[in-house]
Number of protein chains: 2
Amino acid sequence: MAFYKISAFSRLGQVSVKALRLYDQRGLLTPARVDPETSYRYYKVEQLHRLHRILALKAMGLSLEQIGQLLNDNLSPEQMQAMLKVKQAELKQQLVEGQRRLQTITAHLKHVKEEHTMPNYDVILKAVEPVSHVLSIRETIPAYTAVGTLLTELVDHLAQQQAQPQGPAASIWHDIEYKEQDVDAEAIIVVSNAVTGTDRIQIKTLPALEQVAAVIHRGPYSTLNQAYGAIIHWIEESGFQVTGPNREIYLQGGAEQDNVNYVTELQFPVAKVVA
Amino acid sequence: MAFYKISAFSRLGQVSVKALRLYDQRGLLTPARVDPETSYRYYKVEQLHRLHRILALKAMGLSLEQIGQLLNDNLSPEQMQAMLKVKQAELKQQLVEGQRRLQTITAHLKHVKEEHTMPNYDVILKAVEPVSHVLSIRETIPAYTAVGTLLTELVDHLAQQQAQPQGPAASIWHDIEYKEQDVDAEAIIVVSNAVTGTDRIQIKTLPALEQVAAVIHRGPYSTLNQAYGAIIHWIEESGFQVTGPNREIYLQGGAEQDNVNYVTELQFPVAKVVA
DNA sequence: TAAACACCCTGCCCTAAGGGCAGAGTCAAG
DNA sequence: CTTGACTCTGCCCTTAGGGCAGGGTGTTTA
C-alpha cells in the first residue's frame, strides 16, 4: 500500500540509491510509481522480491544485462539453463585462473622471504603461434654446445642463396629428459618464402604451442643453466608438466660464448597436471 | 644493439602495441630510445626482461600501479613482502568468493533442470546494521503464531505514549532448533528516542549481524514455512551454518492471517562451515 | 624520384557498475 | 514561510586497454 521513497527503499533492500537508479534506467527494476511532475521514484515493498532476485543473480556473477534478459525477456527454461551453464563454465575457468594466480604469488612471496629479493627469472605462461617457412636441420649431436655448428650451416646456406634471416635463430631440444650427450637437436632459422631447402636442410612450419612457460635469459650461454633451473622449478611448483620439446630462441646472440649482452628466451610447452 | 620498432617488439614479447604504449605512459617500460622528432618508440631486446617481469606480476593480479611501485620505487624487501601478502590475502578472498558463486549458480541450475523454473526464493547474503532504540518483549510462548499478541502489546504501549512506530515490526526466534511449542520468542518494534519502556517492555539495541542469509516472502503467514524451507535448504547446500537466532521482519503485515499482500523478510545469521 | 604501402604518432570515445559531486527542485515539520 | 532533509538529472571518474580518425614516417618498387 504505502509507497517508499528511494532512500527508504534502499535501506529496506540494503542497496545504494545510485544502484536503484541504475536498475531503473536499465529496466531491471522500475519503480511502482514515478511522479510525472517531479520524477520522484516511489517503490512498493513487493518490489523487494524482485530486488532480491537481482541481487541473487548478481551474486552469481551475472552482468546487469544478463539479469535483464533473465528477468524481462521471459526465456524458456532451456534458454535459462543454457545461460546459467555458460556462466557456470566461466566461473569454473575463473576459479582455475585464481588458483594459478595464488600459486604464483605464493611462490614469489616465498622467494622474497628467503632471498630478500624478487626472483631473477619471471616465468610467464603464453601461447605461441605457428611459425611458417623456417629452415631446419635436425640431428643427434654430441653435446648441447654443438648446435652452433648446425646454425652456422644454416646461415651459410642462406648466404649461398643471397638471402637474409627473417627472424632470430632458435633451437629445439627433442629429448624430454635431460641428456648430457647424444642430444636430439634441431636448429632453426626463419626465412622468406623464396629460400629453398636441400635433403639435409628442410623447409618446414613450426607448430603452434597452446601453452608454454617462457623465461628470458640475459647473459652468456654459459649461464643459461640458471634459467633452465628456474623455469623447471617453476613448472614443478606450479603443478604443470612438460608436454613436448623445448625451444631456445636466440633473440640476441652470436657465435661467441661469453657475450654478456646476449638475450635468449626459453620456452617449454606445458599442461596442467591432472591430479 | 639493434633497435626494434614498437610492433616488432610487441611480437617478440607477445603483447599488443597499445599495451606497450600504455606501459610507456605509466612509466613501467620506457623505450630504450624515443626519436625526439617523430616520437617513434625504439626498444631493445634487453627490455624483454623487464616486460616479462611486468607480465608475470600482472598474471598475479597486481594492478599496473602496483607493478610500477614494485619496479620503480625500489622498495625494501619488507615492503615487497607486505605488498605481496596483501595481494595474496585478496586472492584467497576472491577464491572463496568464486567458490560461493559457483555453488550458488550450480544450485540454481539444478533447480531449473528439475523444476523447469527459476527458484521461487532468492537467498542473498548480506550484512545487517545494528538497530538502536527498539521496543522489545521476550517471552516463552506456546506457539509461533502467539507472537501476534506480544506485538499488539507493544503497539498498545506505543499508543499510550502517543508515539508512532519508526519502522517495521519484527520478531526474533531464540531457539536454534525447531520447536513446535514453548518457543523462546522476542517481539520488536523500532521507535523514536522519546519512548520509554517498562519492566516488561524493554528499550534495547539489536546487535549487528555480520552475515545473514536473507529471503523475501510474499503472501500470508500460513505459507511462511515454504520460505523457511527454502532458506534452510540453501544454507545447508551452500556450506553455511546457522550461528544465532533468526529474525522475521514484517515489512508489510498486520493482524490478519491470510492477507496475500503481506511481505516478510527472513534473516538467519550464518557462517561458513569450517570443514 | 615519386607513389604505394606498411607502420607510427596523438587524441578521442568506449567498456561495467556504479561513486562523487554540482546545481536545481521537492517534501515535511515547525 | 522557512529550514533541513531528500530527490532529480547530468557530468566526470575508476581499469587496462580496444578501436578508430587524421596526419606523419620509412622503405620499397616502378
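Side chains included, hydrogens not; waters and symmetry mates left out as well; all remaining heavy atoms used. Order of the sequence lines fixes the chain letters, A, B, ..., with proteins taken first and strands second; residue numbering starts at 1 for each chain.
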Are a donor atom and an acceptor atom from the side chains of A/Gln94 and B/Gln94 found within less than 3.5 Å of each other? no

Could you tell me from which nucleotide to which nucleotide of DNA chain D, 5' to 3', there is an atom under 4.0 Å from chain B heavy atoms? D/dA16 to D/dG26

For atom CG of A/Leu64 and atom C1' of C/dA16, their distance in whole Å: 8 Å

Is it the case that the side chain of A/His111 and the backbone of A/Thr117 share a donor-acceptor pair, with hydrogens and angles ignored and the cut-off at 3.5 Å? yes

Without decimals, in angstroms, what is the distance between B/Lys18 NZ and C/dT10 P? 11 Å

Is there a donor-acceptor pair closer than 3.5 Å between any side-chain N or O of A/Gln47 and the backbone N or O of A/Ala32? yes

How would you label the contact of A/Arg41 with the nucleic acid (heavy atoms, under 4.0 Å): base, sugar-phosphate, or nothing? sugar-phosphate

Polar pair under 3.5 Å, donor/acceptor by atom type, side chain A/Tyr23, base C/dG18: no

Both A/Val17 and B/Leu22 contact DNA chain D. Which one's nearest nucleotide lies toward the 5' end? A/Val17

Closest non-hydrogen contact found for B/Val112 with A/Gln81 is CG1-CG, 3.7 Å

Which residue in the set A/Gln93, A/Gln99, A/Arg100 passes side-chain hydrogen bond (donor to acceptor under 3.5 Å, both in side chains) when paired with A/Glu97? A/Arg100

Between C/dG18 and A/Ser16, is there an OP1 or OP2 to side-chain N/O distance shorter than 4.0 Å? no

Report the residue (B/Asp35 or B/Lys58) whose heavy-atom-nearest nucleotide on DNA chain D is the more 5′ of the two. B/Lys58

Atom pair distance, as rounded to whole Å: OH in A/Tyr42 and C1' in C/dT26: 8 Å

Measure the acute angle between the ring planes of B/Phe9 and B/Tyr4, then classify it against the limits of 30° and 60° as parallel, tilted or perpendicular. tilted

Please walk me through it: do B/Gln14 and A/Ile124 pass side chain to side chain contact (heavy atoms under 4.5 Å, CB included)? CA-CA 11 Å; B/Gln14 303 263 48; A/Ile124 64 171; over 6 Å; no

A/Lys5 has an atom NZ; how far is it from atom C1' of C/dA28, in whole Å? 7 Å

Distance in angstrom units between A/Leu29 CG and C/dA17 P, rounded: 16 Å

Separation of C/dA16 P from A/Leu62 CG (nearest whole Å): 14 Å

For the helix from C/dT1-D/dA30 to C/dG30-D/dC1, measure the angle between the helix axis at one end and the axis at the other, each built from five pairs, rounding to 10°. 30°

So, B/Lys5 side chain and B/Tyr40 main chain: donor-acceptor pair closer than 3.5 Å or not? no

Approximate separation, where rounding is to 0.5 Å, of A/Leu91 CG and B/Ile105 CD1: 5.5 Å

Roughly how many Å is it from CD in A/Gln25 to P in C/dG19, rounded to a whole number? 14 Å

Would you kindly give the CD1-to-P distance between B/Ile6 and C/dC7, to the nearest whole Å? 13 Å

